[in-house]
Amino acid sequence: MGATVEGAPGYGRDARGELFLLSVVNMVGEDTFYEVASDRDARFRALVGDVAGADPDWLGRFLPWLRREAHMRTAPIVAALEAARTMAPSGVPGSRQIVSSVLQRADEPGEALAYWMSRYGRAIPKPVKRGIADAVRRLYTERSLLKYDTDAKGFRFGDVIDLVHPTPAADKPWQGDLFAHALDRRHGRENILPDSLPTLRARRDLMGIPVELRRGLVGGDLFRLSGMTWEALAGWLQGPMDAHAWESVLPDMGYMARLRNLRNFDDAGVSDEVAAAVAAQLADREQVARSRQLPMRFLSAYRAAPSLRWAHALETALGHSLGNVPQLSGRTLILVDQSWSMSGQLSGRSQLTCADAATVFGAALALRCVDADLVQFDDSSARVRFRRRDSILRIVERFWGPRGGTNTAEAVRSWYKRHDRVVIVTDEQTWGGYHGQEPTRQVPADVPVYTWNLAGYRHGHGPSGGGNRHTFGGLTDQAFRMVPLLEAGRNADWPF
């Protein structure tokens, strides 16, 4: 037992439960409403060390899931390195595989080394080196070098190769030449590009063309071979990105890049025909699944895009990204926290808040229930009206936004009317001083209460994991799929 930050009785969790909830929402190095970054990160590191020592097998399953399914990036990398720091000196196997599994983008081997050396110096354990080398063989290609091997990175590809000494992959005969080129490039040595690296050769040739002639080459054969990205194109042109420029790089733009640039497409005057094709790709169920975008990114794009030609596609894509939200029978009470502490940003790079995430998930669940009461609360509460045919984005607009305090117990007491289950989407930092205080006690013990924590603080507003009280966490819809499994009596402690 402890207390929430606002003084109500708080319930601690075991190390795995606390690490799970913190990891699925933790943007490493960033403050939250109630917890400064240094304290939060120190708690995170300590928890990883505790779990790595006590249950490395659980951690070995959790961290790959955290990176691939929960779509977190920095937290699993930090956790994998901290786990290796505990496991390697004790001879516990598995840290090499853990480190490799969380590195999924070509700039991440360098980020992993930067983190380790900034905290622990140049003495790098063999499992860490070998795990990073495994990732390098998977991830280093001509195109990834052009995209990520820049002066802005603290660790260049050549630095990583120097430190971990990867051997080329057996099925990539060109990779030895790529490693040699990355080393020469990093150390300023002259390098003759071999025929095995045609993309790098094409990019070199493009860079040698006079600026005044470049725009006429956009979309041509040499341009397509060069792997020119949208990020690099504006600098190469040394001028604005017009509609033709955008349309030339669209075929090679990833899903997230298209999602982020809808406003730029409109500003450049991309044609309706091209826009329709982009919208169709954004709305494609399989592409949404492969993109691993958090549901809130579609809300962010919807708010940023100035034209309505994207609205239907974004609504459809948002629905696909919430595909794990189950259909729940009976009557469900959904309480969505809109208190001021929920105004904290999800990350320093996002304008979206915990309250935004809560409204997306609350609205999505309400639409999937047979019979749902959707309620927003702070120190007061109110019903959020919706109809079955409403879109999630329209329902989100009906919430009042962060304000006031967090009187969760009163909201539960006011709105619970013999429902079959209660779902509370919150940061769990309920106020103290109210009769009853513990929100989950306002519901009979035989009725399930599911708390979805969007902040990962140490103490929660009620017990979890016993009887009919369960706490989930994260910024994706993965946890909701546990609800019908739990109600069917199956063991579904972890979503991995």
Indicate the atoms forming the closest heavy-atom contact of P402 with S343, along with that distance. CB-CB, 3.6 Å

Where the side chain of H181 meets the backbone of L193, is there a donor-acceptor pair that is under 3.5 Å apart? no

Considering non-hydrogen atoms only, spot the tightest contact between L318 and P295 and give its length. CD1-O, 3.3 Å

Which atom of G53 lies closest to which atom of T86, heavy atoms considered: N-CG2, 4.0 Å

Looking only at heavy atoms, the pair that brings V78 and Y115 closest together is CG1-OH, 3.5 Å

Can we say D151 and R156 salt-bridge, meaning some charged N sits less than 4.0 Å from an Asp/Glu carboxylate O? yes

Can you check whether W58 and F20 have ring centres sitting under 6.0 Å from each other? no

Interatomic distance, CG@L178 vs NZ@K172, rounded to 0.5 Å, equals 9.5 Å

Do the charged groups of R67 and E108 touch, with an N to O distance under 4.0 Å? yes

Should D356 and R303 count as an ion pair when the cut-off is N to O under 4.0 Å? yes

Quick one: does any side-chain atom of R203 pair with a main-chain N or O of S226 as donor and acceptor, under 3.5 Å? yes

Only pairs under 3.5 Å count here: list side-chain donor-acceptor contacts from residues 271-278, not counting sequence neighbours, and write none if there are none.
residue, atom, partner, partner atom, Å
S271, OG, V274, N, 3.2
D272, OD1, R309, NH1, 2.7

